[in-house]
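Reading through the structure tokens given below for one structure.
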Amino acid sequence: SQKLSIQDMASAPDGSVAILDRADKTIWMLDRTLDMGPTRRNPTSSPFRADPDASSLPDSEEKEALRPWKLDTSWDPVSLDRLPDGSCVVLERKDSSEFGRISLYREGGRVGTASLEQASGVLRGDGGKFVFRGHDLVVDPQDPRSPAVLVVSEEGNQAWKFVLEETRT
């Protein structure tokens, strides 16, 4: 059996939940019955919490999305939240960097990153040093077409808003 080191959790409107395992650098995706893998296809017999009113999920919905999502092992994941499309944003940092980053993971793979260094242009003063690794984040889905992420500083006294825009190259 595997022991989880749960750092953060985020739910979705469909009842599913993403769990951030900081030690293993993994996101575990659980469905509305807190199940994953093949047994989730019949929620009436889930070993976690049977739901007699739930319908079985057809084969076409059995996707990689419910398998463990491995994160970039060179960064330390500290927080996550879910976007309306089921993807996850993860706040990551490393000791060797003055700035953390926001990574976007979709269906098990990282599809983009944004450095928190973007906030440095606002505050960096004459010869002053600005460090922003981040402590926590939350999605602000005010505009679902272009959601924003609020990132809290390590000190906990400020939050910065980053608007997420996916670009294709």
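The model shown is predicted, which means the values in this text are computed figures rather than measured ones.
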By side-chain contact (heavy atoms from CB on, under 4.5 Å), which residues pair with [X], not counting sequence neighbours?
{"X": "Ala159", "value": "Val152"}
{"X": "Asp95", "value": "none"}
{"X": "Ala12", "value": "Asp14, Ser16, Arg82"}
{"X": "Val78", "value": "Arg22, Asp76, Leu91, Arg93"}

Note to self: Who clusters with Val163? Use side-chain heavy atoms, under 4.5 angstrom, across I, L, V, M, F, W and Y, and order the result by chain and number.
What the structure shows: none

Notebook entry, point to check: Hey, what else clusters with Val138 if you join Ile, Leu, Val, Met, Phe, Trp, Tyr whenever side-chain heavy atoms sit under 4.5 Å?
Noted result: Leu150

Quick check: closest heavy atoms across [X] and [Y], and the distance to 0.1 Å?
{"X": "Tyr105", "Y": "Val90", "answer": "CD1-CG2, 3.8 Å"}
{"X": "Pro68", "Y": "Trp28", "answer": "CG-CZ3, 3.1 Å"}
{"X": "Ser153", "Y": "His135", "answer": "O-CB, 3.4 Å"}
{"X": "Leu137", "Y": "Ser79", "answer": "N-OG, 3.3 Å"}
{"X": "Ala18", "Y": "Met29", "answer": "CB-SD, 3.6 Å"}

So, taking the atom named [atom1] in [X] and the one named [atom2] in [Y], what distance separates them when rounded to the nearest 0.5 Å?
{"X": "Ser115", "Y": "Phe132", "atom1": "OG", "atom2": "CZ", "value": "10.0 Å"}
{"X": "Ile6", "Y": "Leu20", "atom1": "CD1", "atom2": "CG", "value": "9.5 Å"}
{"X": "Leu116", "Y": "Glu92", "atom1": "CG", "atom2": "CD", "value": "10.5 Å"}
{"X": "Asp81", "Y": "Cys88", "atom1": "CG", "atom2": "SG", "value": "8.0 Å"}
{"X": "Ile19", "Y": "Ser5", "atom1": "CD1", "atom2": "OG", "value": "12.0 Å"}

Next item on the list: Indicate if Trp75 and Leu80 have the same hydrophobic cluster label, given that clusters are the connected sets of ILVMFWY residues with side-chain heavy-atom separations under 4.5 angstrom.
Entry: no

Notebook entry, point to check: Any link between Val131 and Trp160 through a network of hydrophobic side chains (Ile, Leu, Val, Met, Phe, Trp, Tyr) touching at under 4.5 Å?
Noted result: no

Checklist line | Partner residues of Ser87 under the side chain to side chain donor-acceptor pair (under 3.5 Å) criterion, sequence neighbours left out | finding: Asp85

Check: For Ser74, which residues count as a side chain to side chain donor-acceptor pair (under 3.5 Å) partner, sequence neighbours excluded?
Finding: Asp72

Item checked: With Asp140 via salt bridge (charged side-chain N to carboxylate O under 4.0 Å, His left out) - residues at least two apart -> Lys161

Check: Can you list the residues that meet the salt bridge (charged side-chain N to carboxylate O under 4.0 Å, His left out) rule with Lys70, with sequence neighbours excluded?
Finding: Asp24

Next item on the list: Applying side chain to side chain contact (heavy atoms under 4.5 Å, CB included), run through Val139 and Val89 and close with a yes or a no.
Entry: CA-CA 8 Å; Val139 170; Val89 287; 3.6 Å; yes

